[in-house]
Amino acid sequence: MDWEVVIGLEIHAQLATRSKIFSGAATTYGAEANTQACAVDLGLPGVLPVLNEEVVRMAIMFGLAINAEIPPRSVFARKNYFYPDLPKGYQISQYELPIVSHGQIDITLEDGTTKTIGVTRAHLEEDAGKSVHEGFGNLTGIDLNRAGTPLIEIVSEPDLRSAKEAGAYMKKIHAIVTYLGICDGNMQEGSFRCDANVSIRPQGDSELGTRTELKNLNSFRFVEAAIRHEIERQTDELESGGKVVQETRLYDPVKDETRSMRSKEEANDYRYFPDPDLLPIEISPDFINEIKTSLPELPDARQKRIMKEYKLSEYDSSVITSSRDMADFYESTAKAACSVASLDVKSSKLTANWIMGEFSAALNRNSLDIKDSPVNDEMLGELIKRIDDNTISNKIAKEVFDAMWNGEGTADEIIEKKGLKQVTDSGAIEKLVDGVIADSTPQVEQYRNSPVEKQGKLIGYFVGQVMKKSRGKANPKQVNELLRKKLAKD
Amino acid sequence: MHNKTLAELSRSLRNKEISSEELTRLLLDRCNKFNKSLNCFISLTEDKALSLAMEADVKIKANNAGPLTGIPIAHKDIFCTHGIRTTCGSKILDNFISPYDATVVKQLESAGMVMLGKTNMDEFAMGSSNETSFYGPVENPWDKERVPGGSSGGSAVAVAARLAPAATGTDTGGSIRQPASLCGITGLKPTYGRVSRYGMIAFASSLDQGGPMTRTAEDAAMILNAMAGFDERDSTSVDREVEDYIAALEQPIEGLKIGLPKEYFDERLNPDISQIVHDGISELEKLGATVTEISLPSSTLSIPVYYVVAPAECSSNLARFDGVRYGYRCEDPKDLNDLYCRSRGEGFGREVKRRVMIGTYVLSAGYYDAYYLKAQKIRRLIRDEFQQALKDVDVIIGPTTPGTAFRLNELMDDPISMYLSDIYTVSVNLAGLPAISVPAGLLNGLPVGMQIIGDYFAEARLLNVAHRFQQVTDWHQKKPTGYE
Amino acid sequence: MLKQSDIKKIAWLARLEIAEEDTPGFSRDLSNILNLVEQMDHVDTSSVTPMAHPLELSARLRPDKVTETNQREQLQSHAPAVERGHYLVPKVIE
């Protein structure tokens, strides 16, 4: 049977405020346990919440970025349940009246087509603390530093139809929140987290199948892997005559599998009701307009601009703009690489190739973020400038790049130190070419006896020999031209 | 000296007839002497009181004193007090030392007031007799066999027995006005949002409001001058200028329009109390007020609505008492749920459990609409009827309670009858309006209060009417015997 | 009338240990309270908007400033169980 996959994602993005959503405690990551949990965060008797204005502003920015509705009135509600990392015994969240509703975003699929994904709602809530299970014997330690950190929970429509689409959607939301600067997007630190609701149904059915909720999908890779596994598991289950049980499953990235979480004795009954300590948020059209005019450039707009301004392909520009960091890095590198005042097409393209190629590969190999890269935008720009002005070949540039990565200096210093400057002196090159032709009589014969359309291929041998003799430093273009001229003679 | 009102003491202090330290020692002695039987204090804070009194004396000596400087006050043990045990009348907070001061406590301290101690109360303010306190019942000084009312029973008794010239209270459904009425003192519940709730341990957040409990309306006005005001730590606190409540006291009340809700004077009201309230209204008529009958039909549903809204909010507000970060933790919990269930099961008393369970039930899946949402709708009807009525009249007057103080244990096993003792007070909390209870007579030797309800932020008007009433009556000067 | 099983379910949701012998009493009291509350049923509220709060005002917003400093020592000085800055609870199984 053919199955249709139905996926909806719930993304929790931590809003990048200085203080917490309802208290004046700091939100800095990594502080010593409970040193950033004030009386309000601890839920001491008598304390009361007061809403952080920046949180409201950031939620509106997100709503505007996804073309959503921002209702004039939204309400905080209490979600009641007991858990040791939830100090008050309830989480302040939004239920019936969220701050953002009915948005949509476009994702680009592998075949280049775009698909619009609905965002049902995005609501504000406070984060819980952390339970530490190791290091306290048979007890659990509770750290409430994270308690009260502002979150925006972004709930998609069940519009996603494959693990790939889910990954693309998550990347897009990640790009939007980081472009807006409302979330640092750091997945290792838990600033951007994702849960997925997955179900399958026979192709053509309109009714949804029973869904499972996958938790702990904290990287783009995990989301796709976990969903793929879950689809397989559900398919096997149904095809062998079994049933999918509605449950929460945890993705284990080490074993690369999902497993059922301890089933609760009963369904949760969160007893939501409007929080009487907080009055409704009222948002005026003026406030929305004020935010609208100060919105930064968003991923889609930036992609279009970069494509046009730097003359990049649709594909290259979308890769370059997939994260704000990369797009920023691209633009500053391209500017540094350009020797003239205006951008030139060649170095723009070269910059894109370098960032998507060598540079990204080096980051991946070392698991580094762009901002932690040992090669910065200026350094990479200088390297590209040297390729562009024929000081070095693309091949030598890779050697220089590796040396820069290892901290051996700037491109010019390394070229100088290692004597990697390209040989462009035509006399020197002619000498090398003559030498190779003299040493390769059979190949010369073969070349000269071949039809013109085959000669293009055969010339590669001679170029290779000359480059080898020059230790890569000869200008390949000059070598090529000279070889063609000399081989055609006689 | 202890028989003087707060206003009189204020003058004595500034005329240097007595120092704050002397006054404080005198009252602490009385507290120590009478608290054994009355049980109106959970904690006496003698060291703190004396150091505050000495500070006050320095200011008084330097002629740098405000009207409240050096005057002792008792705080209901629902207000958090820095470094001092704050129990809320519960075993679950028996060992809780608050690391911060409630805004109200701070405000009164910066006005120069001297905290004598923390008063007894119904556990988490849930009760109308002060019998649900973990620290035992409080005696009514008018009759030791009777309750003082609740939940601010300890505060009412401390003022009635002249152990303190003033006390703070909180009122969620009548918890200031009902004990004030049963103990023969003056108690004001301000408009919701007028007094900060920060540091006041929450029972039902949309109903709770702190206020003064004093012997006279004038004293209440003096305290409210310091207590009222905007607090940036309380989102429900209203940013609105505070009037000078003293300045308004002497205004004539000629032409004052009084509304008498017919629902407050129906067959459920003890006829003797009805007579006492009518006599009180006659006194106001003599001062030029006019009376019209009004109707507040939905107010008859205020008890049902209240017993949905208040328990719903309290079930959530009290979830934080879980034995994890502060307060009582059971011995040797075998797992996490055992820790929760036993800490809370052992830490909370019976009435708190009843209300937490009712609240949990009315909010749970499948019942929310029928109970909680329905209650919120009727709450609006109650509020709208008040607002409509207050377009035509300036104040609404009726009894504070349907009867006088009942006997200890009389209603402990009959929660419904206990709840009905708040029948005339809860609608005011549901609407968020201000109301004051003033002594209006004695019935079989027990005090009877008259309730005056005003429009939003009309505290000055209420205090003015109450003050005028007290200028022509002496019920507020009656005191229980045996406390000299 | 709430059954004893209802009482147990509610008590569990509220994490309250109720002694077996107290269940009938709670069942009676809670049922009586619900009977009282059900007087509300007689009112037609179909056209009434629920009122969550006596003040019909909107949220006041606080500037995004860090105003609280580390008070861990004081805040944990009366905690039931603390180790290396963490509050301790029986092992939580996930």
Side-chain angles (χ1 to χ4, degrees), chain A residues 21-24 34 37-53 76-92 95-96 129 131 133 138-144 147 264-281, chain B residues 78-80 86 88 90 92-93 96 98-103 124 193 196-202 204-208 231-237 309 312-313 315-322 324-327 336-337 339-341 344 359-368 372-373 376:
Chain A
I21 181 167
F22 298 120
S23 84
N34 289 309
C38 71
V40 172
D41 308 323
L42 292 178
L44 246 52
V47 298
L48 295 170
V50 184
L51 182 59
N52 185 336
E53 70 177 349
F76 281 107
R78 293 184 182 179
K79 179 181 183 179
N80 294 283
Y81 65 96
F82 285 89
Y83 206 73
D85 65 16
L86 187 71
K88 299 184 294 297
Y90 59 84
Q91 179 193 30
I92 305 177
Y95 187 55
E96 280 181 334
S131 301
H133 304 295
N138 59 347
L139 299 172
T140 291
I142 307 294
D143 173 7
L144 297 172
K264 309 240 163 82
E265 288 106 293
E266 61 188 301
N268 279 322
D269 187 342
Y270 291 124
R271 291 160 283 136
Y272 281 100
F273 75 106
D275 191 327
D277 287 332
L278 290 160
L279 298 165
I281 308 173
Chain B
I78 200 168
F79 288 101
C80 285
T86 301
C88 221
S90 182
I92 213 158
L93 287 178
F96 178 66
S98 174
Y100 75 103
D101 271 328
T103 300
F124 285 103
S196 168
R197 294 190 299 115
Y198 191 79
M200 191 176 107
I201 300 176
S205 312
S206 77
L207 302 164
D208 296 342
D231 181 6
E232 58 181 24
R233 286 187 179 269
D234 175 2
S235 298
T236 62
S237 148
V309 173
E313 292 182 12
S315 69
S316 175
N317 282 336
L318 268 57
R320 67 187 62 199
F321 304 105
D322 59 4
V324 175
R325 298 164 315 285
Y326 50 80
L336 181 66
N337 283 323
L339 167 74
Y340 284 148
C341 294
R344 292 166 59 77
T360 302
Y361 182 75
V362 299
L363 288 176
S364 62
Y367 299 100
Y368 181 87
Y372 186 75
L373 213 58
Q376 286 207 326

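Residue numbers start from 1 in every chain, and the chains themselves are labelled A, B, ... in the order their sequence lines are given, proteins ahead of strands.
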Contacting moiety of A/Y81, where chain B heavy atoms sit under 4.5 Å:
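Neither part, no heavy atoms under 4.5 Å.
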
So, for [X] and [Y], which heavy atoms are closest and what is the spacing to 0.1 Å?
X: B/Y326; Y: A/L42; value: CE2-O, 4.2 Å
X: A/R78; Y: B/S205; value: NH2-OG, 3.9 Å
X: B/N317; Y: A/Y90; value: OD1-OH, 4.4 Å
X: B/Y340; Y: A/P84; value: OH-N, 2.9 Å
X: B/Y100; Y: A/P45; value: OH-O, 2.5 Å
X: A/F273; Y: B/Y368; value: CB-CE1, 3.9 Å

Chain A contacts, top residue of [options] (heavy-atom pairs, under 4.5 Å):
options: B/L207, B/L93, B/L363; value: B/L363
options: B/T86, B/L336, B/V324; value: B/L336
options: B/E232, B/M200, B/Q376, B/E313; value: B/E313

Using heavy-atom distances under 4.5 Å, tell me whether [X] contacts chain A through its side chain, its backbone, both, or neither.
X: B/D322; value: side chain
X: B/A204; value: neither
X: B/F79; value: neither
X: B/A102; value: neither

If I take atom CZ from residue B/R197 and atom CG from residue A/D277, how far apart are they, to the nearest 0.5 angstrom?
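It comes to 5.0 Å.
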
B/P99: what forms a side-chain contact (heavy atoms from CB on, under 4.5 Å) with it, not counting sequence neighbours?
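Checked B/P99 against side-chain contact (heavy atoms from CB on, under 4.5 Å); matches are A/L44, B/F96, C/Q74, C/L75.
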
Are more than 12 heavy atoms from other residues, nucleotides or ligands located less than 6.0 Å from atom OH of A/Y272?
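More than 12 heavy atoms, drawn from other residues, nucleotides or ligands, come within 6.0 Å of this atom.
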
Find out whether B/T360 and A/R271 are in side-chain contact, i.e. whether some heavy atom of one side chain is under 4.5 Å from a heavy atom of the other.
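The answer is yes; the side chains approach within 4.5 Å.
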
Check: A/N80 side chain, B/S316 main-chain N or O, donor-acceptor pair, under 3.5 Å
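Pair absent, no side-chain N/O of A/N80 close to backbone of B/S316.
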
Are any side-chain N or O atoms of B/S235 and backbone N or O atoms of A/L279, one a donor and one an acceptor, separated by less than 3.5 Å?
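Answer holds: no.
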
Between B/L339 and A/F82, does the side chain to side chain contact (heavy atoms under 4.5 Å, CB included) criterion hold? Intermediate values first, please.
CA-CA 11 Å; B/L339 167 74; A/F82 285 89; over 6 Å; no

